[in-house]
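First the structure, in the form of structure tokens, and then the observations on it.
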Amino acid sequence: QVQLVESGGGLVQAGGSLRLSCVASGRTFRNYPIAWFRQAPGKEREFAARISSTGSTTSYGDSVKGRFTISKDNAKNTVYLQMNSLKPEDTAVYYCATGGVGTLEKTYEFWGQGTQVTVSS
């Protein structure tokens with residue numbers, strides 16, 4: 001089993017920044033990739049970013065590429081999502097997840113409870 005807890009969400013103006021954190025416990029954190037997904041009201045959950053177990057490989061969804069950066073600190077069992085140049089369309093609940101494959105949401109076994117990000121125009 002693994003537990004994931006997200007934090008760092010909030011209300012920010014367009015053009016601003018936020019850093020989300022995902023703390024993992026109950027599993028050897030450093031051995032598994034971690035992904036961030038997001039779900040806006042009335043929309044399906046969308047892949048945002050993913051980092052490999054070693055942290056050496058990252059990938060991003062097209063809508064966040066160039067603005068978001070995913071990183072991890074194995075010593076702290078934490079994955080971060082630095083979000084810059086935020087837009088109103090980034091408003092969503094952001095989830096971290098593990099135990100899955102690539103960008104395929106339905107393959108991910110473990111999920112956090114989510115953290116709300118709201119970007120005002």
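Computed from a prediction, not measured in an experiment: that's the story for all the values here.
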Can you confirm whether [X] sits close enough to [Y] that some side-chain heavy atom of one is under 4.5 Å from a side-chain heavy atom of the other?
{"X": "Gln113", "Y": "Val5", "answer": "yes"}
{"X": "Thr115", "Y": "Val93", "answer": "no"}
{"X": "Ser63", "Y": "Glu46", "answer": "yes"}
{"X": "Ile70", "Y": "Tyr60", "answer": "yes"}
{"X": "Asn77", "Y": "Lys72", "answer": "no"}

Looking only at heavy atoms, what is the nearest atom pair of [X] and [Y], with distance?
{"X": "Ser120", "Y": "Leu11", "result": "CB-CD1, 4.3 Å"}
{"X": "Ala92", "Y": "Arg38", "result": "CB-CB, 3.9 Å"}
{"X": "Ser121", "Y": "Ala14", "result": "CA-CB, 4.4 Å"}
{"X": "Ser56", "Y": "Thr54", "result": "OG-OG1, 2.7 Å"}

Looking just at side-chain N and O atoms, do Ser21 and Glu6 make a donor-acceptor pair shorter than 3.5 Å?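 The criterion, which ignores hydrogens and geometry beyond distance, is not satisfied for Glu6 and Ser21.
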Check: Asn84/Ser17 side-chain N/O donor and acceptor closer than 3.5 Å: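 Checked: Asn84/Ser17 side chains pair up, N/O donor to acceptor below 3.5 Å.
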Has Arg19 got its NZ or CZ under 6.0 Å from the middle of the six-membered ring of Tyr80, at an angle within 45 degrees of the ring axis?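 Judged by the rule, Arg19 and Tyr80 form a cation-pi pair.
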Is it true that the NZ or CZ of Arg45 lies under 6.0 Å from the centre of Tyr95's six-membered ring and within 45 degrees of the ring axis?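 Yes, Arg45 lies over the aromatic ring of Tyr95.
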Anything under 30° is parallel, anything over 60° is perpendicular, the rest tilted; go ahead and classify Tyr108 against Phe37.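 If you compare the ring of Tyr108 with that of Phe37, the planes turn out perpendicular.
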Candidates Val12, Val117, Asp90, Thr69 - the one meeting side-chain contact (heavy atoms from CB on, under 4.5 Å) with Met83: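 Testing each of Val12, Val117, Asp90, Thr69 against Met83, the sole residue satisfying side-chain contact (heavy atoms from CB on, under 4.5 Å) is Val117.
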Do side-chain atoms of Thr91 reach the backbone of Thr118 as a donor and acceptor pair under 3.5 angstrom?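 Flag not set: sc Thr91 to bb Thr118 has no pair under 3.5 Å.
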Using only atom types and a distance under 3.5 Å, with no angle test, would you say the side chain of Thr107 pairs donor to acceptor with the backbone of Val101?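 Yes, because the side chain of Thr107 sits within donor-acceptor range (under 3.5 Å) of the backbone of Val101.
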From [atom1] ([X]) to [atom2] ([Y]), nearest 0.5 Å:
{"X": "Ser85", "Y": "Arg67", "atom1": "OG", "atom2": "CZ", "result": "7.0 Å"}
{"X": "Leu4", "Y": "Ile34", "atom1": "CG", "atom2": "CD1", "result": "5.5 Å"}
{"X": "Thr98", "Y": "Gln3", "atom1": "OG1", "atom2": "CD", "result": "12.0 Å"}
{"X": "Tyr94", "Y": "Cys22", "atom1": "OH", "atom2": "SG", "result": "14.5 Å"}

Cluster check Trp111, Val79: I/L/V/M/F/W/Y, side chain < 4.5 angstrom: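 Trp111 and Val79: separate clusters.
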Connected via hydrophobic side-chain network under 4.5 Å: Ile51 and Phe68: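 Per the 4.5 Å side-chain linkage, Ile51 and Phe68 are co-clustered.
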Trp36 and Phe47: aromatic ring centres closer than 6.0 Å?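 Ring centroids of Trp36 and Phe47 are no less than 6.0 Å from each other.
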